[in-house]
Amino acid sequence: MTNRTSGYNFPTQLLKTLRFARQVAVLTGAGISAESGLATFRDPMTGLWAKFRPEELATPEAFQRNPKLVWEWYQWRREQVEKAAPNPGHFALAQIESKVPKFSLITQNVDSLHQQAGSKNVVELHGNIRRTKCFEENIVVESWPETEDVPPHCPRCGGLLRPDVVWFGENLPLEALYAAANASKNADLFFSIGTSGQVEPAASLPRLAQQNGATVVTINLEVTTTAFHKVYNFNGRAGEILPALVQKAWAG
Ligand code: APR
C-alpha cells in the first residue's frame, strides 16, 4: 500500500495502528536532519561522501595515517552541528514518544538533535560527534589540557583523542546494538525515516521488525525500494510528513 503524501491523507488503518500501538520503534538517518541544514552522506550533490572520501576521513586507518586531517574534518562537522537546531520532524517524534506506551528511537545520526527536541529513549548506534574519546583506551574523555597539538592528547595515557563516532570497519557499541535489535523485534509499529538503508547493521532493523510482525512505515525523500509487504511508503520531507501524521493520528 503506497500513499503519495499530497494533502497528507494517511490510510485510516495506519492512523489506527499508530494511535493504538503498544510499542513503537523508529530508525532515523541523516535525512531527518537535512531540514536542520546538516548534509546527508549519499545525496549525489550535497552529500558528504559526494565531496569527501569516507576511506580518507571515517576509518581508524585514515586517522592513523593523518590524525590532523581527520580531527579537523570532524571539528568542521561539529561546528555545523553546533549551529543546527531540531526541525519539526524531530519534534513530531518526541510527540509520538509522549503518546504511546513504549517508544524507542534508534538513530544513526551523531548530532544529538533528537535529544534536543525532547526525545528521551534514544539509542545512538553510531556514537555522538559532541563526545570525544581516547583512540588508545577507547574511553570517553570529558576534558583535556589545551595545547597546540592537533589532535589533542589523552590526559590519562597521552594517546591521541578522536571523536566518539563509529567509523567504517569498527564495531557498533554492543549495548546500543542489543537495545536496537530488541526494540525492533518487539515493536508493533516500526518507522524507517531518512535513511538510504545502505549501512549495516542498521539497514537490517526494518526487516527484523517486519519479520516479527511489525507494520513498517518508510519516510524518505527518494523512493526507496523495499521488498516488504504490510508497509507504508511515504516519499517526501520527514519534517512535513511526520507533523502531519501526528496531527492526523491524534486530531481532536
Ligand atoms: N526527509 C526524508 N528523507 C530525506 C530528506 C528529508 N528531508 N533529505 C534526504 N532524505 C533521504 C535521502 O533521500 C537518503 O535516502 O535520507 C537518506 C539519507 O541517506 P544517507 O545519506 O545514506 O544517510 P544514512 O542512511 O543516515 O547513512 C547511514 O552511513 O556514512 C555512514 O555513519 C554514516 O550514519 C551514517 C550511515
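Note that ligands are numbered from 1 as they come in the structure, with each ligand's atoms numbered from 1 the same way. Keep in mind the model is a prediction, meaning the values are calculated, not measured.
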Enquirer: May I ask you to identify, for Ala34, whether its side chain, its backbone, both or neither come under 4.0 Å of ligand 1 on a heavy-atom basis?
Expert: side chain
Enquirer: Counting both backbone and side chain atoms, is some N or O of Phe168 under 3.5 Å from an N or O of ligand 1?
Expert: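 In this structure, Phe168 places no N or O atom under 3.5 Å from an N or O of ligand 1.
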Enquirer: Taking both backbone and side-chain atoms of Val199, is any N or O found less than 3.5 Å from an N or O belonging to ligand 1?
Expert: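 Looking only at distances, the answer is no, because the N/O contact criterion of under 3.5 Å is not met.
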Enquirer: Between the candidates Glu222, His126, Glu35, which shows the shortest non-hydrogen contact distance to atom 7 (N) of ligand 1?
Expert: Glu35
Enquirer: State the atoms of ligand 1, each with its element, that fall below the 4.0 Å cut-off from a heavy-atom position in Thr40.
Expert: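 Reading through ligand 1 atom by atom, the close ones are 21 (O).
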Enquirer: I want to confirm something. Looking only at heavy atoms, which of Asn220, Asp43, Thr28, Thr107 is nearest to atom 11 (C) of ligand 1?
Expert: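 Going through Asn220, Asp43, Thr28, Thr107 one by one, Asn220 has the nearest heavy atom to atom 11 (C) of ligand 1.
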Enquirer: Is the closest N or O pair between Ile219 and ligand 1 shorter than 3.5 Å?
Expert: no
Enquirer: Is it the case that more than 12 heavy atoms not belonging to Tyr178 sit under 6.0 Å from its OH atom?
Expert: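 No - once you tally the heavy atoms of other residues, nucleotides and ligands closer than 6.0 Å, there are 12 at most.
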Enquirer: Does Arg78 make a cation-pi contact with Trp71, if we ask for NZ or CZ under 6.0 Å from the ring centre and within 45° of the axis?
Expert: yes
Enquirer: For atom 18 (C) of ligand 1, which of Gly89, Gly29, Gly194 has the closest heavy atom?
Expert: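 Ranked by closest heavy atom to atom 18 (C) of ligand 1, first place is Gly194.
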Enquirer: So which bit of Arg42 gets within less than 4.0 Å of ligand 1, heavy atoms only: side chain, backbone, both or neither?
Expert: both
Enquirer: Would you please indicate if the ring centroids of Tyr232 and Phe10 are separated by under 6.0 Å?
Expert: no
Enquirer: State whether the shortest distance between N or O atoms of Asn109 and N or O atoms of ligand 1 falls below 3.5 angstrom.
Expert: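 There is no such contact.
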Enquirer: Under 4.0 Å from a heavy atom of Gly236: give me the atoms of ligand 1 that qualify, with their elements.
Expert: 1 (N), 2 (C)
Enquirer: Report yes if some N/O of Gln108 lies less than 3.5 Å from some N/O of ligand 1; otherwise report no.
Expert: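 Between Gln108 and ligand 1 (N or O atoms, distance only) the closest approach is under 3.5 Å.
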Enquirer: Show which atoms of ligand 1 fall inside a sub-4.0 Å distance from at least one heavy-atom site of Leu221.
Expert: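 Selected atoms, number and element: 2 (C), 3 (N), 4 (C), 5 (C), 8 (N), 9 (C), 10 (N), 13 (O).
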Enquirer: For atom 25 (O) of ligand 1, which of Leu242, Thr218, Thr195 has the closest heavy atom?
Expert: Thr195
